[in-house]
Novice: 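After the structure tokens below, expect a handful of questions from me.
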Amino acid sequence: MALPQAPEAEKEVSTKIKIYNDTIKVNGDLVSFEGKIDDYKIDGQYQVENKQEQKSWKRRANWSKEIQVSGTFLPLEGKRNLHGFDAKWFAFSKHKLGTYRIEEIQNKRPLSGISFLRQWRAFCIDWV
């Protein structure tokens, strides 16, 4: 079985990402989340620019969106230890392209009702 071709690492790519808003984590000024580009999952990273933007990301329920972004894919590691853990194969088995670092958010649009369960879970996480 062949691995899917991820875009070249460190090369600027402009794309649309559907954010899984119940997976958003804010750690200082770094936001991480899971999302989807076409039919593949990705791990997303974004560096917030100010406190207001950080607060916006902390309200997960507001991020049921598809965003137009530009950024780069981080390189995937191959086998890296004596037991043969292979990060590329692990990402493939999870149907993931890898980690996408967002440089700029160009546009946002709300998602339709398909993401209702994720939106409800995000609301519950925020509420707790």
Side-chain angles (χ1 to χ4, degrees):
M1 188 183 268
L3 296 174
Q5 280 302 93
E8 284 183 49
E10 305 297 330
K11 181 179 178 187
E12 180 116 358
V13 176
S14 184
T15 188
K16 291 181 182 177
I17 298 175
K18 292 178 183 167
I19 298 174
Y20 295 159
N21 59 337
D22 59 334
T23 64
I24 294 173
K25 295 179 187 113
V26 179
N27 185 5
D29 59 351
L30 181 68
V31 176
S32 60
F33 61 89
E34 291 180 17
K36 195 171 192 177
I37 296 176
D38 297 327
D39 291 330
Y40 292 99
K41 297 176 189 171
I42 56 117
D43 292 323
Q45 293 182 346
Y46 178 66
Q47 193 87 25
V48 295
E49 296 174 5
N50 55 47
K51 293 285 185 191
Q52 183 180 3
E53 194 175 25
Q54 184 182 36
K55 283 182 182 179
S56 172
W57 279 97
K58 284 185 179 180
R59 285 280 301 159
R60 291 171 188 85
N62 293 339
W63 279 95
S64 180
K65 300 183 187 297
E66 179 179 73
I67 55 176
Q68 177 74 36
V69 297
S70 62
T72 57
F73 275 92
L74 300 179
L76 287 172
E77 296 180 28
K79 293 183 180 180
R80 64 177 180 210
N81 63 24
L82 296 176
H83 301 290
F85 177 76
D86 188 347
K88 285 182 183 178
W89 182 254
F90 181 75
F92 172 72
S93 69
K94 299 292 183 188
H95 207 63
K96 284 190 175 182
L97 286 177
T99 302
Y100 184 81
R101 174 145 311 155
I102 298 170
E103 301 296 328
E104 178 186 10
I105 298 175
Q106 299 162 342
N107 194 10
K108 304 173 196 170
R109 78 173 181 89
L111 287 174
S112 62
I114 296 171
S115 62
F116 175 74
L117 292 176
R118 286 192 179 274
Q119 190 169 358
W120 181 250
R121 184 172 183 261
F123 173 77
C124 292
I125 291 169
D126 285 341
W127 186 75
V128 170

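The figures that follow rest on heavy atoms only: side chains count, while hydrogens, waters and symmetry mates do not. Values in this document were obtained by computation on a predicted structure and should not be read as measured data.
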Novice: In the single-linkage hydrophobic clustering (I, L, V, M, F, W, Y; side-chain heavy atoms under 4.5 Å), do Ile17 and Tyr20 co-cluster?
Specialist: no
Novice: Give the ring-plane orientation class for Trp63 versus Trp57, where under 30° counts as parallel, over 60° as perpendicular and anything between as tilted.
Specialist: parallel
Novice: Does the Asn50 side chain pair with the main chain of Gln52, one donor and one acceptor, at a distance under 3.5 Å?
Specialist: yes
Novice: Evaluate the criterion side-chain contact (heavy atoms from CB on, under 4.5 Å) for residue pair Gln45 and Leu74; output intermediate values, then yes/no.
Specialist: CA-CA 10 Å; Gln45 293 182 346; Leu74 300 179; 3.9 Å; yes
Novice: Hey, is the main chain of Arg60 close enough, under 3.5 Å, to the side chain of Asp126 for a donor-acceptor pair?
Specialist: yes
Novice: Can you tell if the side chain of Ile24 reaches within under 4.5 Å of the side chain of Ile19, non-hydrogen atoms only?
Specialist: yes
Novice: Any chance you could measure Lys36, atom NZ, to Leu97, atom CG, to the nearest 0.5 Å?
Specialist: 11.5 Å
Novice: Could you pull out the closest heavy-atom pair between Asn21 and Ala122, with the gap in Å?
Specialist: ND2-CB, 3.6 Å
Novice: Ignoring hydrogens and geometry, is there a side-chain-to-backbone donor-acceptor pair from Thr23 to Glu34 under 3.5 Å?
Specialist: yes
Novice: Taking Tyr46 as the fixed residue, which of Glu53, Arg101, Glu103 is the one that meets the side-chain hydrogen bond (donor to acceptor under 3.5 Å, both in side chains) rule?
Specialist: Glu53
Novice: Tell me whether Lys65 at atom NZ has more than 12 heavy atoms from other residues, nucleotides or ligands lying less than 6.0 Å away.
Specialist: yes
Novice: Treating Asn107 as the side-chain partner and Gln68 as the backbone partner, does any N or O pair qualify as donor plus acceptor under 3.5 Å?
Specialist: no
Novice: In sequence, state the C-alpha distance, the side-chain angles, and the governing distance for Val69 and Thr15, and then conclude on side-chain contact (heavy atoms from CB on, under 4.5 Å).
Specialist: CA-CA 6 Å; Val69 297; Thr15 188; 4.2 Å; yes
Novice: About how many Å separate NZ of Lys25 and CD1 of Ile125, when rounded to the nearest 0.5 Å?
Specialist: 9.5 Å
Novice: Could you tell me whether the side chain of Tyr100 and the main chain of Gly71 form a donor-acceptor pair under 3.5 Å?
Specialist: yes
Novice: Hey, what do you get for CZ (Phe123) to CG (Asn62), rounding to the nearest 0.5 Å?
Specialist: 10.5 Å
Novice: Within this structure, what is the OG-CG distance for the pair Ser32 and Asn27, rounded to the nearest 0.5 Å?
Specialist: 7.5 Å
Novice: Between Phe90 and Lys94, does a side-chain contact (heavy atoms from CB on, under 4.5 Å) hold up when you go through it step by step?
Specialist: CA-CA 6 Å; Phe90 181 75; Lys94 299 292 183 188; 3.8 Å; yes
Novice: Do Val26 and Phe33 have side-chain heavy atoms sitting under 4.5 Å apart?
Specialist: no
Novice: Look only at the side chain of Gln54 and the backbone of Gly28, and say whether a donor-acceptor pair between them is shorter than 3.5 Å.
Specialist: yes
Novice: Can you find a heavy atom in the side chain of Glu66 that is under 4.5 Å from one in the side chain of Pro110?
Specialist: no
Novice: Could you grab the distance from atom NZ of Lys51 to atom CG of Asp29, nearest 0.5 Å is fine?
Specialist: 8.0 Å
Novice: Could you check Val31 against Ile102 for side-chain contact (heavy atoms from CB on, under 4.5 Å), going step by step and ending with a plain yes or no?
Specialist: CA-CA 10 Å; Val31 176; Ile102 298 170; over 6 Å; no
Novice: What's the separation between atom NZ in Lys41 and atom NZ in Lys96, rounded to the nearest 0.5 Å?
Specialist: 7.0 Å
